[in-house]
> 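Quick one: the structure is below, and I'll ask about it shortly.
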Amino acid sequence: MRLFTAVLPPEGAIAELSAAERELRGLPGAERLRRTDPAGRHITLAFYGETDDSLVPGLRDRLAEVALRHAPFPLRLTGGGRFSGRVLWADVEGDREALGRLAADTRAAGLLAGVPPPVEPPEYRPHLTLAFAKKSDRVPLDPFVAGLAGFRGSLWRAGQLALVSSRLPDTAAREAGRSPRYVTEALWPLTG
């Protein structure tokens, strides 16, 4: 099972972002971007990758302990950016220090549970992925980033830690523009 931990923004924050995205649909190349499903949008904390089923109970126990040590904190979705010319994302503002600590603790929980560490970027960069361009189809993303520059969503409280599985579509579905399907496997309130 492909697993990761995440903060799940509330429906209102996702709706605000979706409204801002509608303004981008007329930009050149918009029809060639594969948008992420708003119902599965999240802020990744730690990506574990393919995880052996036998390790999942221990991982759940460790994550429950992490949630007990962290208090809710404020966040908002704002602006946008891009990675490597292929990924369009919304930025995250608010208590990024608390978010970073939660991310570090969920990565450590994976290691303590015996989940082999995946290759991670050297620095945690919180974001919410909006769309992808196919590897073979370089869509200029700068106009999309500029179109999101004025977006500033409402402040909300991140109050839960989610363990999420990622179910990849088959090759034909990916070619048709389908994104992975995300299933929330467990939720823990932040109570620290």
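Just so we're clear, the structure is a prediction, and the values are computed from it rather than from any experiment.
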> Might you point out which heavy atoms bring A158 and L190 nearest each other, and give the distance in Å?
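Nearest pair, atom of A158 first, then L190: O-CD1, 3.6 Å.
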> If you define the side chain from C-beta out and look only at heavy atoms, does anything of F4 sit under 4.5 Å from L45?
no
> Give, for atom CG of L112 and atom CG of L59, the distance between the pair rounded to the nearest 0.5 Å.
10.5 Å
> Is the backbone of A133 close enough, under 3.5 Å, to the side chain of R86 for a donor and an acceptor to pair up by distance?
yes
> Looking at F47 and R2, what are the two nearest heavy atoms and their distance?
CZ-NH2, 3.7 Å
> Just how far is it from atom OG1 of T44 to atom CZ of R125, taken to the nearest 0.5 Å?
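Spacing of OG1 (T44) from CZ (R125) equals 13.5 Å.
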> Please check if any side-chain donor atom of D91 sits under 3.5 Å from a side-chain acceptor atom of H127, or the reverse.
no
> Do T78 side-chain atoms and F151 backbone N/O form a donor-acceptor pair below 3.5 Å?
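Checking the backbone N and O of F151 against the side chain of T78, a donor-acceptor pair under 3.5 Å is found.
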> T5 versus V66: any side-chain heavy-atom pair under 4.5 Å?
no
> Measuring only between side-chain heavy atoms, which start at C-beta, is L155 closer than 4.5 Å to E93?
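Not touching, per the 4.5 Å side-chain cut-off.
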> Kindly determine whether H70 and D105 satisfy side chain to side chain contact (heavy atoms under 4.5 Å, CB included), including the steps that lead there.
CA-CA 10 Å; H70 289 266; D105 284 355; 2.6 Å; yes
> Compare all side-chain heavy atoms of D53 with those of M1 and state whether any distance is below 4.5 angstrom.
yes
> Between the side chain of Q160 and the main-chain N/O of V7, is any donor-acceptor distance below 3.5 Å?
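A pair under 3.5 Å: no.
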> Shortest non-hydrogen contact from P72 to G159?
CB-CA, 4.1 Å
> Grab the two heavy atoms, one from P38 and one from I14, that are nearest each other, plus how far apart they are.
O-CG2, 3.6 Å
> Flag the pair L163 / T106 as yes when at least one side-chain heavy-atom distance between them is below 4.5 Å, and no otherwise.
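SC-SC contact between L163 and T106 ruled out.
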> With salt bridge (charged side-chain N to carboxylate O under 4.0 Å, His left out) as the criterion, how do R22 and E16 come out once you've worked through the C-alpha distance, each side chain's angles and the decisive distance to 0.1 Å?
CA-CA 10 Å; R22 280 194 281 283; E16 289 174 341; over 6 Å; no
> With no hydrogens and no angle check, is any side-chain donor or acceptor of T36 less than 3.5 Å from a backbone partner on T129?
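Checking the backbone N and O of T129 against the side chain of T36, a donor-acceptor pair under 3.5 Å is found.
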> I'd like to know if the side chain of R96 reaches the main chain of V92, judged simply by a donor and an acceptor atom lying under 3.5 Å from each other, with no hydrogens or angles considered.
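Yes.
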> Students often mix this up, so state it plainly: with edges at 30° and 60°, are the rings of F83 and W89 parallel, tilted or perpendicular?
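Ring orientation of F83 relative to W89: tilted.
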> How many angstroms lie between CZ in R34 and CG in L130, if you round to the nearest 0.5 Å?
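Here the rounded value is 13.5 Å.
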> For A113 versus G58, what's the shortest heavy-atom pair and its separation?
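Looking at all heavy atoms of both residues, the shortest contact is CB-C, 3.9 Å.
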> Any donor and acceptor pair, going by atom type alone, linking the side chain of H42 with main-chain N or O of G40 inside 3.5 Å?
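Looks like yes, one N/O pair under 3.5 Å.
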> Side chain to side chain contact (heavy atoms under 4.5 Å, CB included) for L88 and L148? Distances and angles first, verdict last.
CA-CA 10 Å; L88 177 67; L148 289 168; 4.3 Å; yes
> Which heavy atom of F144 sits nearest to which heavy atom of L24, and what is that distance?
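For F144 and L24, the tightest heavy-atom pair comes out as CE2-O, 3.7 Å.
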> Sub-3.5 Å donor-acceptor pair from the side chain of R76 to the main-chain atoms of G153, do we have one?
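Such a contact is found between R76 side chain and G153 backbone.
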> In sequence, state the C-alpha distance, the side-chain angles, and the governing distance for L141 and L33, and then conclude on side chain to side chain contact (heavy atoms under 4.5 Å, CB included).
CA-CA 10 Å; L141 295 179; L33 291 176; 3.8 Å; yes
> Taking atom CD of E11 as the centre, does the number of heavy atoms from other residues, nucleotides or ligands within less than 6.0 Å exceed 12?
no
> State whether E97 and R101 are salt-bridged, where the test is any N-O pair (Lys NZ or Arg NE/NH1/NH2 against Asp/Glu carboxylate O) under 4.0 Å.
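Salt bridge present between E97 and R101.
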> Looking at R25 and E31, is there a salt bridge between them, counting it only when a charged N and a carboxylate O are closer than 4.0 Å?
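Judged by the 4.0 Å cut-off on N to carboxylate O distance, E31 and R25 do not form a salt bridge.
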> Report yes if some heavy atom in the side chain of Y48 is under 4.5 Å from a heavy atom in the side chain of L55; otherwise report no.
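They are not in contact (no side-chain heavy atoms under 4.5 Å apart), so the answer is no.
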> Any side-chain heavy atom of L128 within less than 4.5 Å of one from L17?
yes
> Heavy-atom distance under 4.5 Å between the side chains of D142 and R82, does that happen here?
yes
> Mark yes or no for whether S166, through its side chain, and Y182, through its backbone, hold a donor-acceptor pair below 3.5 Å.
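No, the answer is negative, given that no donor and acceptor are paired below the 3.5 Å cut-off.
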> What pairs meet the ring-ring contact (aromatic ring centres under 6.0 Å, His included) rule with one or both residues in residues 11-40, with sequence neighbours excluded?
none
> Are R167 and E185 ion-paired here, with the side-chain N under 4.0 Å from a carboxylate O?
yes
